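Lettering follows sequence order; numbering is per chain, from 1. Owing to the predicted nature of the structure, the values given are computational and were not obtained by experimental measurement.
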Amino acid sequence: MKHIISALVENKPGVLAHVAGMFAARAFNIDSLVVGRTEDPDLSRMTIVVIGDDKVLEQVRKQLAKIVPVVKVQDFTDQPVVARDLMLITVSAPPEKRPEIFPLIEMFRGRVVDIGLKSIMVEVSGPETKIDAFINVCKPYGIKSVARTGTIAMPRQGKGDM
Amino acid sequence: MPSNSPDSAPVAENLPERTGAQIVVDTLVDLGVEAMFGYTGGVVLPLFDRLYDAPIRFFVPRHEQGGCHMADAYARASGKVGVVLATSGPGACNLVTGLATAMMDSIPMVAFTGQVRTELIGNDAFQEADTTGITRPITKYNSIVKDVRDLERTIREAFHIASTGRPGPVLIDLPVDVEVNRHRGNGRAEIDLPGYKIRTKGHARQISTAAEAINMSERPVLYVGGGVIIANAVEELRALAEKAHLPVTMTLLGLGSIDQRHPESLDMLGMHGSAYANYAVQESDLLIAVGARFDDRVTGKLSTFAPNAKIIHIDIDPTSISKNVHVDIPVVGDAKHILTELTKEVKHRPREAWFARIAEWKKKFPFKYDGNSGRIKPQYVIQELCRQTKNDAIVATGVGQHQMWAAQFYRFIKPRQFITSGGLGTMGFGLPAAIGAQIARPDATVIDIDGDHSFNMTMTELATAVQYELPIKVCLMNNGYMGMVRQWQELFYGRRYACSYLKNPDYAAVAQAMGAVGITVDKKEDVPKVIERMLAEKKPCVVNFHVEAEENVWPMVPAGKSLSEMDGLDILERLI
Ligand SMILES: Cc1ncc(C[n+]2csc(CCOP(=O)(O)OP(=O)(O)O)c2C)c(N)n1
Ligand SMILES: [Mg+2]
């Protein structure tokens with residue numbers, strides 16, 4: 001099962017190596033890992049998607065918390081969260097196909113961010129499943145390249161989906 | 001990510017500007033460091049220059065691995081932080097085995113390594129190695145100081161991290177320009193490590209739940225690991241065992257937590273533990289683990305380990321809990337505090353039937369060897385060492401059969417008395433460990449009970465013992481073999497002794513050539529008087545006991561078997 005773990009870490013050199021090294025040394029499976037700045041310049045947030053059962057997850061959480069520059073660890077598994085991936089995808093799209101493709105992009109609330117002679121680059125964000133679905137939709141036209149982030153997530157304050 | 005933020009580091013305005021090297025030395029002195037181990041080289045020359053007339057005793061090993069084990073054993077014997085220093089590249093790489101050894105056994109150490117100039121890092125400069133990269137998984141924490149303004153704070157943090165919580169080695173990598181750049185230092189400002197929190201006090205309700213379980217239990221066993229010694233909680237442990245009336249078994253690293261002459265001691269458990277400890281654990285209805293981590297050498301086959309027992313686990317490291325074995329009542333915190341609180345709530349119970357059953361096992365399956373043999377049995381030598389030192393020597397070991405016999409036949413009475421590489425099982429640990437322990441405890445009798453091949457790995461450190469006039473005693477259980485490997489080959493590989501027999505030097509002659517005393521013993525009847533002479537020696541002394549070559553360690557729980565499935569009990573029973 002996939003779990004989303006969020007770790008606040010000190011902004012120090014080597015933190016990513018500590019975290020990645022711990023996952024490798026303890027044979028935990030990382031599905032994705034995203035690091036970025038936060039509202040506090042001294043802290044970064046790592047969002048890690050881990051595959052494993054409850055026992056593995058308990059160890060993952062504790063082992064992460066044990067790393068000296070890791071300040072706080074949260075497991076988002078059993079709470080309502082907003083989880084998003086971001087993708088840039090270049091799809092072959094000669095002018096005659098574009099009337100067909102553009103509505104699809106709109107359906108996925110994507111944006112065309114670059115247009116070439118024979119291809120276009122699209123930006124899509126959303127839950128992982130939505131990104132996967134968009135890739136599937138693009139396949140028939142020919143995918144030239146894909147770059148996607150892993151998941152970032154934050155617990156919900158309110159109730160409904162926005 | 002930005003580098004360390006020097007802007008936020010406090011500055012000791014009242015102190016003069018000094019070089020980084022001087023800041024290191026001043027900070028070490030201020031932290032109370034009395035002894036250090038290390039080996040010089042190009043990028044640590046500024047540091048050595050400052051150490052030259054510093055009020056710190058400095059010991060130079062013959063190999064950085066030796067120095068690292070010395071610092072480790074110094075820490076084990078004294079409870080203080082061991083400090084080691086090595087140059088960049090090869091020097092740093094030579095620390096690896098020693099750091100991993102200390103990490104596995106939770107030993108407080110701080111290692112300093114030199115590094116090439118900051119602007120050369122990453123250029124494959126002469127003697128450059130990615131030391132923090134190499135040592136990251138074998139240290140509790142490590143970091144490189146790239147700005148002298150962070151130096152003092154980093155050192156103070158390193159000592160704090162190394163010595164608190166579950167201790168471990170911390171490494172600081174020091175580029176040579178940081179050693180020569182000048183700064184006032186950060187002073188004794190409060191340590192600010194937002195990600196480093198230690199829970200010391202145990203949860204009161206968990207402690208009460210544990211006490212209730214103990215009070216209910218008919219067949220409890222206390223299972224004690226090295227954590228109790230690290231936490232200096234031996235008195236508290238004894239108080240609990242006495243008040244609640246609990247039998248106590250110890251791991252290899254737990255030996256010394258209770259006096260083994262005490263009738264309630266079940267001695268060591270596990271692969272080469274006592275039959276009475278292993279049977280008691282398997283039949284127990286409650287296992288109270290304190291500062292132990294359910295290592296595979298202790299539990300045997302996990303699925304059949306202590307099948308009827310509820311498990312209480314007291315440990316300062318939350319990752320140890322339910323890592324290998326499901327724990328019913330975890331109590332995270334400092335063993336000293338938790339044991340004190342727990343003792344208040346437990347009641348005495350006679351548990352006559354349980355103690356009678358244990359007494360029966362003890363009577364039937366004591367540790368034994370063939371005392372009638374005309375050869376020198378290694379177990380006999382160790383028993384004789386124990387007798388003549390009145391159970392009171394500090395014993396270091398290598399790794400192998402001799403280590404297990406030392407654990408079985410030397411009866412320890414005090415903490416910090418048995419200094420052995422448990423988790424990593426590092427051959428070559430014994431001699432440098434004896435040196436480090438002797439430096440920490442100058443008045444103690446320190447004996448390295450060693451194997452011939454373990455000794456082969458680091459025997460160059462004999463020169464160190466001679467130079468510093470340390471009266472350590474090395475007792476070689478010389479069986480010619482890598483005995484423990486030979487035993488496995490005998491039992492599991494059809495006696496094909498592949499690469500486990502090597503030609504050894506004349507150890508007495510080697511010792512003499514190095515300036516130590518060297519004695520060879522071939523006859524059993526000479527053992528007592530040679531030990532007597534050895535104990536009286538003021539110089540380092542190596543006694544080469546030519547022991548029975550194909551002796552086996554019994555009992556033995558073969559890897560992957562249940563604790564109660566011990567081999568060799570029949571062999572022991574046939575001995576008179
Ligand atoms: C550095 C290292 N290399 C290899 C081993 C594997 N090993 C474990 S015990 C042993 C043999 C030890 O021989 P010796 O020191 O003579 O002790 P004995 O078993 O004969 O008492 C070996 C090779 C180890 N533990 N450590
Ligand atoms: Mg041997």
Do other residues, nucleotides or ligands put more than 12 heavy atoms under 6.0 Å from B:K310 NZ? no
Minimum heavy-atom distance between B:R136 and A:A17, given as atom pair plus value: NH1-CB, 3.0 Å
Measure distances from B:D317 to the heavy atoms of chain A and classify the residue's part below 4.5 Å as side chain, backbone, both or neither. side chain
Choice from B:L193, B:I321, B:I161 maximising heavy atom contacts with chain A below 4.5 Å: B:I321
If you measure from CE on A:M22 to OG1 on B:T319, what distance do you get to the nearest 0.5 Å? 10.0 Å
Does atom CD (B:E190) have a neighbourhood of more than 12 heavy atoms from anything else shown, all under 6.0 Å? no
Going by residue number, which parts of residues 88-96 of chain A are within reach of chain B, meaning a heavy-atom gap below 4.5 Å? none
Part of B:K140 within contact of chain A (heavy atom distance under 4.5 Å): backbone
Does atom CZ (A:R98) have a neighbourhood of more than 12 heavy atoms from anything else shown, all under 6.0 Å? yes
Which of residues 51-79 of chain A get closer than 4.5 angstrom to chain B, counting heavy atoms alone? A:K55, A:E58, A:Q59, A:K62, A:Q63, A:A65, A:K66, A:I67, A:V68, A:P69, A:V70, A:V71
Count the heavy atoms of every other residue, nucleotide or ligand shown that sit under 6.0 Å from CG of B:N123, and state whether that count exceeds 12. yes
Does A:E106 have more than 12 heavy atoms from other residues, nucleotides or ligands lying within 6.0 Å of its CD? no
